[in-house]
2 protein chains.
Amino acid sequence: MSITNEDTEKPARKPRTRDAEATKARILEAAKKEFSKNGLGGARVDVIAEKANANKRMIYHYFESKERLFQTVLEDAYIDIRTAEQKLKLDDLEPKAALAKLVQFTWEYYLKNPEFITLVNSENLHRAKHLKKSEVIKVASRKFVNMVGDILERGASKGVFRPGIDPVQLNITIAAIGYYYLTNRFTGSIIFERDLMAKEAIDERLQFNVDTIMRLVCA
Amino acid sequence: MSITNEDTEKPARKPRTRDAEATKARILEAAKKEFSKNGLGGARVDVIAEKANANKRMIYHYFESKERLFQTVLEDAYIDIRTAEQKLKLDDLEPKAALAKLVQFTWEYYLKNPEFITLVNSENLHRAKHLKKSEVIKVASRKFVNMVGDILERGASKGVFRPGIDPVQLNITIAAIGYYYLTNRFTGSIIFERDLMAKEAIDERLQFNVDTIMRLVCA
DNA sequence: TAAAGAAGTAACTAGTTAGTGCGTTAAGTG
DNA sequence: CACTTAACGCACTAACTAGTTACTTCTTTA
């Protein structure tokens, strides 16, 4: 009998090839889920460690504290959506088509990434104290607002959009009509006595939202 | 020397006239603040007791558990806004004026009662498990949706509104454009590099929202 | 005024929770 | 193959937290 365990017995033993990047990534993914499910205050570090199939000690080794881990998760989430928006290449489209595409993208991004919404909610509960520290996000956001501003200007000079629309107000509105529907889907389904997450309901809402934005901007 | 303490010494001693209703009310008020500030998970029962100037035991005496206390706070919040909406007497107004007034009311209610938004967010984080149990809220909400439905019908038959607008979609949109702006005011102020809570910004947003809804419904 | 019930309090418990100290083991380097 | 570095893991702690036990004090009413 050798000292090292035989293959068949003790299935819990894992030789675990060492990979810092992979472990970090697993922790971040698990943290995103746990934070979005329970908020910063409600999330449990032990649960994150378990979900990530990592030791809790590793979390503190790589991320220093629960709050710093949250900050990293949040930054990653913002960078992800801003990157995806840039990839839309809205500048290549006609103004109306560009805006419609943006509304649709925003809606579908929220649908596919429900953690994003909950993370942002949690961050606002804490008065954006973590986001304040992040410079990368400010730069990425500036680009995004300018992009929508350009679309509005192009549309206005072509005569298809009303002139003088504030890109910030428009951006907020585009986000709002999707975000609110989804973040409040649980209370909403009760208040309105309708399953807001049924396939048809979701499709209907997207159509309604595109329509809302078009009526808002068109001349 | 009498056994009971003299007036001037021992200032911490409070005879505290007994008043169950007043104590309950103080606990509810303190709980609303604490829950809205920190969420259900982040709120501390000891803090609520202290803020309410009550003993923690009283919380469990009157409200059974932290969760039941949260449920009561949430119910009260919903009943408050639904009651206020009914008092608007929108049926007495012209359709356009009625809708504009509703948009304005919703905005101002959220502004004056920031706890409402945070409580609803917290409840959605918990998948509306507390709201599900409340029958009063369902009844009050039904009334509200019907009210908006009536306004839309009156407007359509007068020819000022487009026909066929879904009152639920409209309700959600009216709430969304105010709610999102305010719940995300902290991250929003960073992302958009603008103080979203400045007096002018708030006035501007209300105008934008009234405009958005008018363009959406008008024929 | 005595008895009963309700309001109120302090101190405690049992279970969690973020964060650490310290030892172990794998992998890269000379 | 030694040796060093970094990944990894166990077991602990100090502080906290929802909920409770057992008690005192006030108020009402028969």
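Reminder, nothing fancy here: chain letters follow the sequence lines and each chain counts from 1.
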Notebook entry, point to check: Of the nucleotides C:dA26, D:dC26, D:dG9, which one has an atom closest to the side chain of A:M58?
Noted result: D:dG9

Next item on the list: Mind calculating the distance between CG (B:D19) and P (D:dT25) to the nearest angstrom?
Entry: 21 Å

Check: Could you state the NZ-P distance from A:K66 to C:dA18, rounded to the nearest angstrom?
Finding: 4 Å

Note to self: Using 30° and 60° as the class boundaries, would you call the ring planes of B:Y110 and B:F116 parallel, tilted or perpendicular?
What the structure shows: parallel

Next item on the list: Could you please name the option among D:dG9, D:dA18, C:dA7 that lies closest to any side-chain atom of B:Y62?
Entry: C:dA7

Checklist line | Nearest-angstrom distance from the residue atom CG of A:D46 to P of D:dC16 | finding: 18 Å

Next item on the list: Return the value, rounded to whole Å, for the distance between atom CZ of B:R18 and atom P of C:dG5.
Entry: 15 Å

Check: Which one, D:dA18, C:dT9, C:dT25, comes nearest to the side chain of B:N55?
Finding: C:dT9

Margin query: Taking 4.0 Å as the cut-off, does a side-chain nitrogen or oxygen of B:T23 come that near to OP1 or OP2 on C:dG8?
Written below: yes

Notebook entry, point to check: Roughly, in whole Å, what's the span from CD in A:E50 to P in C:dA18?
Noted result: 13 Å

Next item on the list: Hey, which sits more toward the 5' end of DNA chain C by its nearest nucleotide, A:R57 or A:A43?
Entry: A:A43

Notebook entry, point to check: Rounded to whole angstroms, how far apart are CD on A:E21 and C1' on D:dA7?
Noted result: 12 Å

Check: Taking atom types as modelled, is there a side-chain donor on B:N121 or B:Y179 under 3.5 Å from an acceptor on the other?
Finding: yes

Notebook entry, point to check: Is there a donor on the side chain of A:K56 or the base of D:dG9 sitting less than 3.5 Å from an acceptor on the other?
Noted result: no

Next item on the list: Would you kindly give the CD1-to-P distance between B:I48 and D:dA18, to the nearest whole Å?
Entry: 8 Å

Note to self: Strictly distance-based, threshold 3.5 Å: is any side-chain N or O of A:T187 a donor or acceptor partner for the main-chain N or O of B:N124?
What the structure shows: no

Note to self: Regarding C:dT16, can its base be found pairing with the side chain of A:R44 as donor and acceptor, where the two atoms are less than 3.5 Å apart?
What the structure shows: no

Check: What's the shortest heavy-atom distance between A:T106 and A:A175, and which atoms?
Finding: CG2-CA, 4.4 Å

Check: When the ring planes of B:F105 and B:Y109 are compared, do they come out parallel, tilted or perpendicular, using 30° and 60° as the limits?
Finding: tilted

Next item on the list: For B:N53 and C:dG8, give me the distance from atom CG to atom C1', rounded to whole Å.
Entry: 12 Å

